Amino acid sequence: MGKLTVSSVRSLSKPGKYYDLHGLILRVTPGGSKQWIWRGTVRGRRRDIGLGAVAYTTLAEARDIAYQYRKLARAGIDPKAKQSVNPIPTFAKAVEQVIEAYRPGWKDTGRSEESWRSSLRRYVYPALGSIPVDQITTADLVRVLLPVWHTKPETARKLKTRLGVVMRWSIAAGHRTDDPAGPALAAALPRHTAPVKHLASLPHPEVAAALDKLNALPGAWPPTVACLRFLAATAARSGEARFATWDEIDLEARTWTVPTERSKTSREHVVPLSSAALEALEVARLYSGGSGPVFASPAGKTLSNGAMSKLTRPYGYTPHGLRASFRSWAAENGVPREVAEAALAHSAGSLARAYQRSDLLAARREVMEAWGRYIT
């Protein structure tokens, strides 16, 4: 009989290693996660092989794998090299599986996926793309991060996070037992001393003049200009406005409802529409016919993020920066903090949400109308 039982596997919480049959070991980490490990000797050399996380591999399954590994080891065959048992993917192939798993949870799927692929393809794949995930070390990760750690700190931070996700997925899938992107990596990298660089914005007194300049841009697609004006008037996020559809707009109630699946807070957000926002919608309707995407591209599809940024880049600000312009104006004009934060659809803490259950729509409507007058 094995030393472990289903109930003991479930209840064990003290960090350490707990031994069972055929070289099977249950490893409980200080963080509370649990992984199966097989330990054996192959041609005089000790081997430790991950068999997956407890959440995905039962005790019976782990014992069966351990038994098969023990038989292979006694025959002089390295179980790790036996690809038919549990193939070890390369880093590039592991990334594809991680993206597949994460894709349903991304708000802006196309943009998030392309961001992952482009950053890893450019900075990581040349060095690690073809290496099996179980052979990647902390030193390998340091080697790809250091060249951009200080020159491109924001890119480096994202890369570090994505490398960590892939390495932890590799542990859960049973391809390795340790995390090279854990505390050792954090200790090996120097501290970032430069302040985080925020997206460029305009001082709020300059927003009205900047929006007026859009009319003089040669060749600017009117729905793109209308989308930027709508974005400014609602203080919304770029993706929320670009993907807006006419069925989300209630002209009679003068509201725009951002659905849960597109809201950053994962909650439905009702936006009051000021006169400035409604004027932008009037322009958009001329090109979309009042159905489908509100702000349609020349091909009738959703506007791209690049199309929006192209309008603002010559003037030194970003579409997202208009939210900062609104927030500064609100702070300087006595708008209560909770109203301004609700207008920006910022997520309040759990305690605040427990007591503040109103969406403050009436107060936000008054504020957004005043902001709309200010920027037009």
Side-chain angles (χ1 to χ4, degrees), residues 108 198-217 220-246 248-249 251 254-258 262-264 269-288 293-297 302-333 335 339-346 361 363-376:
D108 190 345
H198 297 287
L199 292 171
S201 63
L202 288 172
H204 63 80
E206 298 179 16
V207 172
L211 294 178
D212 284 341
K213 291 177 182 177
L214 297 176
N215 297 324
L217 286 175
W221 178 241
T224 308
V225 175
C227 187
L228 193 61
R229 289 184 173 278
F230 183 79
L231 197 70
T234 57
R237 296 177 175 88
S238 176
E240 294 170 347
R242 288 187 295 107
F243 285 88
T245 57
W246 281 106
E248 298 169 4
I249 306 292
L251 294 175
R254 294 170 63 114
T255 59
W256 164 41
T257 302
V258 181
R262 212 168 66 251
S263 168
K264 189 172 182 180
H269 178 55
V270 179
V271 181
L273 297 176
S274 64
S275 300
L278 291 171
E279 287 174 10
L281 291 176
E282 287 178 13
V283 174
R285 184 189 286 272
L286 297 175
Y287 293 83
S288 67
V294 175
F295 305 102
S297 70
T302 301
L303 290 173
S304 69
N305 189 55
M308 297 280 285
S309 299
K310 187 177 180 180
L311 293 181
T312 63
R313 193 177 298 116
Y315 304 109
Y317 68 101
T318 63
H320 192 84
L322 291 168
R323 287 166 56 82
S325 303
F326 164 76
R327 189 64 183 88
S328 298
W329 171 85
E332 293 178 18
N333 285 272
V335 175
V339 176
E341 292 297 290
L344 290 167
H346 280 164
L361 181 61
R364 287 190 288 123
R365 187 180 295 281
E366 183 178 337
V367 168
M368 300 316 291
E369 189 64 41
W371 167 246
R373 289 195 300 270
Y374 180 73
I375 62 174
T376 53

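Each residue takes its place number in the sequence, starting with 1. All values reported here derive from a predicted model rather than from experimental measurement.
For the pair Arg237/His269, no side-chain contact is recorded, criterion being any heavy-atom separation below 4.5 Å from C-beta on. The shortest side-chain heavy-atom distance between Val367 and Arg364 does not fall under the 4.5 Å cut-off.
Here Phe230 contributes atom CZ and Leu281 contributes atom CG; the two are 5.0 Å apart, rounded to the nearest 0.5 Å. A distance of 3.5 Å separates OG1 in Thr245 from CD in Glu248, rounded to the nearest 0.5 Å. Thr312 OG1 to Leu231 CG: the interatomic distance, rounded to the nearest 0.5 Å, is 9.5 Å. Rounded to the nearest 0.5 Å, atoms OG1 (Thr257) and CZ (Arg262) are 10.5 Å apart. The CG atom of Leu202 lies 11.5 Å from the OH atom of Tyr315; values are rounded to the nearest 0.5 Å. From Ser325, atom OG reaches atom NE2 of His320 across 11.0 Å, with rounding to the nearest 0.5 Å.
Side-chain atoms of Thr234 and Trp256 form no donor-acceptor pair, as typed in the model, at a separation below 3.5 Å. Under the 3.5 Å distance criterion, with hydrogens and angles disregarded, a donor-acceptor pair is assigned to the side chains of Ser238 and Arg242.
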One pair to check against side-chain contact (heavy atoms from CB on, under 4.5 Å): Leu211 and Thr376. What are the steps and the verdict?
CA-CA 8 Å; Leu211 294 178; Thr376 53; 5.7 Å; no
Where do Glu240 and Ser263 land on the side-chain hydrogen bond (donor to acceptor under 3.5 Å, both in side chains) test, with the steps shown first?
CA-CA 7 Å; Glu240 294 170 347; Ser263 168; 4.7 Å; no
Could you walk me through whether Phe295 and Leu228 pass the side-chain contact (heavy atoms from CB on, under 4.5 Å) check?
CA-CA 10 Å; Phe295 305 102; Leu228 193 61; over 6 Å; no
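Checked against salt bridge (Lys or Arg N to Asp or Glu O under 4.0 Å), Arg285 has no partners two or more places apart in sequence or in another chain. Applying the side-chain hydrogen bond (donor to acceptor under 3.5 Å, both in side chains) criterion to His204, with sequence neighbours excluded, gives Glu332, Tyr374. With sequence neighbours left out, the salt bridge (Lys or Arg N to Asp or Glu O under 4.0 Å) criterion links Glu279 to no other residue.
The side-chain contact (heavy atoms from CB on, under 4.5 Å) with Ile249 is formed by just one residue from the set Val271, Thr255, Leu273; it is Leu273.
Using the six-membered ring where Trp is involved, Trp221 and Tyr287 have ring planes that are perpendicular, over 60° apart on the 30 and 60° scheme.
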